[in-house]
Amino acid sequence: MRHWQLRPPQTPQEWQGYYQLRWQVLRAPWQQPPGSERDELEARAYHLMLLTPDGAIAAVGRLHQLEQGGAQIRYMAVAAEYQGKGAGSKVLAALEMQAVQWGCSYISLNARDTALQFYQRLGYQQTGAAPQLYGIAHVVMQKHIRLAGTAEQHQLWCKQLADTWQQTIPLSHYMQLAISSFDGNELRCAAPLAPNINLHQTMFAGSIYALATLTGWGMLYLQLQALGLHGDQVLADAGIRYLRPVAAEPQARCALQHCSGALTALAEGRKVVQQIKVQIFSAGELAAEFNGRYAVLPQKSETV
């Protein structure tokens, strides 16, 4: 989707097209009149639309803040010709980032039964039944975008993570891996270029892979700390795309909204699995994307 634009409507014509797509996808098939695609929160909400290079509106979505630090997504709609092509997930990801910028801790939405798999694939979990709309079953879904805990707790968990790396994964010591920051939503880790350089004076591909793997492992560790859970973390499967050489200031970034898979079953002694995306940057420019499937195995209780 290169050269596509993702932004709020700006002109009267764009606003008209924005609401027209909402009505066309979400209301017209059930014989609802124009205007039924709006509510009393429009003026206080954040609106987004995805524009094709020729100016057509491919997808739209809206976000508004809730009490107790949450946000709700409503009126997600994708034009028929762009469904199944990533337009909806692109709008959803941008709405999630806006919720992060607002400082929200979770996002909720009411999903039609036909959209459950789409939202589950992107990390949303069912939390209950929602009222039917026009005879269509809906489900309340939620996704956490910030870990529980205070800034002091986050700092302590990061220190414990760094100590764990140093004590149990020698490679992290040789790479000089360090945590740059963690704000409850995004973990950033860095490794200097000098000890990870190749003959081309850029970062060795193996070091890029290791930086991404350990950052994803670290995000998983932090989630377990926030939940009060413990287990043996392993990387079960992974893939990486190298987009450009890492020539300066290598940094890995992993956001909570890019972690998909519930961990709570670990408390019942069951293995849990989470899919995690990590991005590698070179002097602030995206250089590689890593997708890993991590498993957490319940720790065996010691018997005498």
Side-chain angles (χ1 to χ4, degrees), residues 93 97 100 145-147 149 151-226 230-261 263 273-296:
M97 280 305 304
V100 169
I145 55 173
R146 192 173 303 277
L147 293 185
E152 291 74 18
Q153 287 175 309
H154 294 166
Q155 186 176 9
L156 174 61
W157 297 339
C158 285
K159 183 181 184 306
Q160 293 172 343
L161 171 59
D163 290 343
T164 300
W165 280 337
Q166 292 290 318
Q167 296 165 10
T168 63
I169 306 176
L171 177 63
S172 67
H173 173 74
Y174 298 122
M175 290 178 60
Q176 298 181 30
L177 175 66
I179 298 172
S180 302
S181 64
F182 178 64
D183 61 0
N185 168 261
E186 185 181 61
L187 174 65
R188 296 190 178 192
C189 298
L193 192 61
N196 298 287
I197 207 162
N198 61 21
L199 71 166
H200 305 293
Q201 303 303 300
T202 59
M203 195 173 194
F204 176 55
S207 291
I208 297 174
Y209 191 93
L211 175 59
T213 299
L214 289 169
T215 300
W217 193 98
M219 177 59 91
L220 181 57
Y221 176 93
L222 293 171
Q223 292 177 74
L224 294 177
Q225 294 299 308
H230 303 280
D232 296 321
Q233 301 178 207
V234 295
L235 179 65
D237 189 25
I240 191 168
R241 291 193 306 133
Y242 298 100
L243 306 175
R244 58 165 51 90
V246 178
E249 302 175 36
Q251 185 182 71
R253 303 177 188 176
C254 181
L256 194 59
Q257 61 265 34
H258 294 154
C259 303
S260 177
L263 302 174
V273 176
Q274 191 170 80
Q275 193 76 26
I276 298 178
K277 181 172 79 172
V278 180
Q279 295 177 310
I280 302 295
F281 290 81
S282 172
E285 293 189 359
L286 182 63
E289 284 193 339
F290 169 94
N291 281 280
R293 185 166 60 89
Y294 293 82
V296 187

Can you name the nearest heavy-atom pair linking [X] to [Y], along with the distance?
X	Y	result
Val296	Gly231	CG1-CA, 3.7 Å
Ala252	Val278	CB-CG1, 4.0 Å
Trp165	Ile179	CZ3-CG1, 3.7 Å
Ser180	Ala190	OG-CB, 3.5 Å
Leu222	Cys158	CD2-N, 4.1 Å
Tyr294	Trp217	OH-N, 3.5 Å

[Y] and [X], any side-chain heavy atoms less than 4.5 Å apart:
X	Y	value
Leu211	Met203	yes
Leu214	Cys189	no
Gln257	Asn185	yes
Leu224	Gln233	yes
Tyr221	Leu187	no
Pro250	Ile280	no
Leu161	Phe182	no
Leu256	Gln223	yes

For the atom pair [atom1] ([X]) and [atom2] ([Y]), what is the distance rounded to the nearest 0.5 Å?
X	Y	atom1	atom2	answer
Gln160	Gln225	CD	CD	5.0 Å
Leu220	Thr215	CG	OG1	12.5 Å
Gln279	Arg188	CD	CZ	10.0 Å
Thr213	Leu171	OG1	CG	9.5 Å
Phe290	Tyr209	CZ	OH	5.0 Å
His154	Ser181	NE2	OG	12.5 Å

**OP:** Mind checking side-chain hydrogen bond (donor to acceptor under 3.5 Å, both in side chains) for Arg146 and listing every partner two or more places apart, or none if nothing turns up?
**Re:** none
Original post:
Given the rule in the side-chain contact (heavy atoms from CB on, under 4.5 Å) test, do Gln274 and Arg293 qualify, once you have shown the distances and angles that lead to the verdict?
Top reply: CA-CA 6 Å; Gln274 191 170 80; Arg293 185 166 60 89; over 6 Å; no
Just by modelled atom types, is the [Y] backbone N or O under 3.5 Å from a matching donor or acceptor in the [X] side chain?
X	Y	value
Ser282	Ala248	yes
Tyr174	Pro195	no
Thr202	Pro245	no

Original post:
Does atom CD of Gln166 have more than 12 heavy-atom neighbours from other groups under 6.0 Å away?
Top reply: yes
Original post:
What do you reckon, is CZ of Phe204 surrounded by more than 12 foreign heavy atoms closer than 6.0 Å?
Top reply: no
Using residues 235-242 as the side-chain source, report each donor-acceptor pair under 3.5 Å to any protein atom, sequence neighbours left out, with the distance given to one decimal.
from, atom 1, to, atom 2, distance (Å)
Arg241, NH2, Glu289, OE1, 3.0
Tyr242, OH, Ala205, O, 3.2

